Amino acid sequence: LEKTLVNSNENCVYSANLKATDVIWSGFKTTDKIKVTGKFNKISSNKIQNKNEFSNLSELIEDLDFSIDLSSSSSGDEIRDLNLKNYFFNLLASNFVLNGKFENIENDSVYVVLDFFGKQKRVKLGYAFQNKMIQIKGSIDLVESLGALKAFESISNKCYDLHKGPDGISKTWKEVEVLIKAPIIKSCN
């Protein structure tokens with residue numbers, strides 16, 4: 001009982017560390033569904049830049065805008081990164097800048113609105129906070145959820161031979177996994 005009273009009276013501030021935030025994507029190729037993973041190295045948020053002290057996590061996350069520089073994607077393979085830049089990411093956002101916003105948190109989910117050339121797409125991702133880390137993750141269908149058929153077909157055609165498995169069949173999967181890991185600084189007085 002005493003511990004509960006102490007915790008309910010503590011005055012804490014939550015801040016995000018954008019420089020240490022990872023925005024990781026994973027795509028899949030071949031009928032064996034081999035995972036290819038990369039990370040966006042340039043992300044920003046006007047909300048966090050203007051005010052990075054929030055009284056709770058909901059206040060920090062909800063209505064949090066973000067911009068991702070899609071050309072900053074790095075997968076550990078320069079040729080793959082160039083192919084993704086020229087045959088995929090350039091067809092998702094003008095000047096390679098994907099803007100979005102987190103909406104409301106509902107239990108273990110958060111809604112995200114992404115802007116693709118002025119068309120807004122809303123997706124639901126998993127949300128968790130533990131060990132001073134927010135994790136937002138989920139699987140997004142490029143065609144069904146985002147309407148990115150042109151980008152999907154472009155990368156699929158460009159990598160036709162690269163996406164062939166031992167069975168000789170070329171397959172590019174429409175699902176992309178997204179994982180955002182954001183360290184949170186909690187200061188209490």
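These numbers were taken from a predicted model, which means no experiment stands behind them.
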Go through Lys164 and Lys29 one step at a time and tell me if the side-chain contact (heavy atoms from CB on, under 4.5 Å) criterion holds. CA-CA 8 Å; Lys164 278 184 186 173; Lys29 63 182 183 178; over 6 Å; no
Run the side-chain contact (heavy atoms from CB on, under 4.5 Å) check on Ser154 and Tyr87 step by step: do they pass? CA-CA 6 Å; Ser154 172; Tyr87 296 93; 3.5 Å; yes
Does the plane of the ring in Tyr14 sit parallel, tilted or perpendicular to the ring in Phe129? Use 30° and 60° as the thresholds. perpendicular
Should Leu179 and Leu64 be counted in the same cluster of Ile, Leu, Val, Met, Phe, Trp and Tyr side chains packed under 4.5 Å apart? no
Using salt bridge (Lys or Arg N to Asp or Glu O under 4.0 Å), reason through Arg122 and Glu103 one step at a time and then give a plain yes or no. CA-CA 9 Å; Arg122 191 171 186 249; Glu103 286 188 329; 2.5 Å; yes
Out of curiosity, does Leu125 fall in the hydrophobic cluster containing Leu114 (side-chain heavy atoms, cut-off under 4.5 Å, transitive links)? yes
Of all heavy-atom pairs linking Asp141 and Val143, the shortest is OD1-N, 2.9 Å
Would you check if the side chain of Ser15 reaches a backbone N or O of Asn52 as a donor-acceptor pair within less than 3.5 Å? yes
May I ask you to test the Ile134-Ile180 pair for a side-chain heavy-atom distance under 4.5 Å? no
Using 0.5 Å steps for rounding, measure from the NZ atom of Lys174 to the CZ atom of Phe152. 5.5 Å
So CG of Asn86 and NZ of Lys158: to nearest 0.5 Å the spacing works out to 8.5 Å
Can you name the closest pair of heavy atoms from Val178 and Ile140 and give their distance? CG2-CD1, 3.8 Å
Would you name the heavy atoms of Val97 and Ala93 that are closest together and state the gap between them? O-CB, 3.2 Å
So, Thr172 versus His163: side-chain donor-acceptor pair below 3.5 Å or not? yes
Heavy-atom pair with the smallest gap, counting every atom of Phe102 and Ile136: CE2-CD1, 3.6 Å
Do the non-hydrogen side-chain atoms of Arg80 and Leu82 ever get within less than 4.5 Å of each other? no
Does a sphere of radius 6.0 Å around CG in Asn50 hold more than 12 heavy atoms from other residues, nucleotides or ligands, not counting ones at 6.0 Å or beyond? yes
To the nearest 0.5 Å, what is the distance between CH2 (Trp173) and OG1 (Thr30)? 8.0 Å
Can you name the closest pair of heavy atoms from Asp81 and Gly76 and give their distance? OD2-N, 4.1 Å
Take a 6.0 Å sphere around NZ of Lys51 and say whether it holds more than 12 heavy atoms from other residues, nucleotides or ligands. yes
Assess whether side-chain contact (heavy atoms from CB on, under 4.5 Å) is satisfied between Asn83 and Phe88, documenting all intermediate values. CA-CA 7 Å; Asn83 283 339; Phe88 184 68; over 6 Å; no
Where does the angle between the aromatic ring planes of Trp25 and Phe40 fall among parallel (under 30°), tilted (30 to 60°) and perpendicular (over 60°)? tilted
Backbone N/O of Lys181 and side chain of Asp22: donor-acceptor pair under 3.5 Å: no
Which heavy-atom pair separates Cys12 from Lys186 by the least distance, and what is that distance? SG-CE, 3.7 Å
Is it true that atom CD of Glu59 has more than 12 heavy atoms of other residues, nucleotides or ligands lying nearer than 6.0 Å? yes
Which of Ser72, Ser73, Ser71 passes side-chain hydrogen bond (donor to acceptor under 3.5 Å, both in side chains) with Asp69? Answer is Ser71
Is there a side-chain contact between Ser45 and Leu18 (heavy atoms, below 4.5 Å)? yes
Between the side chains of Lys47 and Asp63, is the shortest nitrogen-to-carboxylate-oxygen separation below 4.0 Å, so that they form an ion pair? no
Is there a continuous path of hydrophobic side-chain contacts, each under 4.5 Å between heavy atoms, that joins Ile61 to Tyr111? no
Atom CD1 of Ile34 and atom OG1 of Thr31: how far apart are they, to the nearest 0.5 Å? 8.5 Å
OG1-NZ distance between Thr21 and Lys39, expressed to the nearest 0.5 angstrom: 10.0 Å
Val176 reachable from Ile24 in the ILVMFWY side-chain graph, under 4.5 Å edges: no
Lys124 and Glu106 ion-paired at < 4.0 Å: no
To the nearest 0.5 Å, atom OG of Ser67 lies from atom CG of Leu98 at 8.0 Å
Assess Lys33 against Phe28: is NZ or CZ under 6.0 Å from the centre of the six-membered ring, and within 45 degrees of the ring's axis? yes
With side-chain contact (heavy atoms from CB on, under 4.5 Å) as the test, would you mind laying out the steps for Phe116 and Leu146 before giving the verdict? CA-CA 8 Å; Phe116 292 97; Leu146 303 183; 3.6 Å; yes
Is there a path from Val36 to Leu162 through hydrophobic residues (I, L, V, M, F, W, Y) whose side chains come within less than 4.5 Å of each other? no
Is Lys101 positioned over the aromatic face of Phe66, cation under 6.0 angstrom from the ring centre and no more than 45 degrees off axis? no
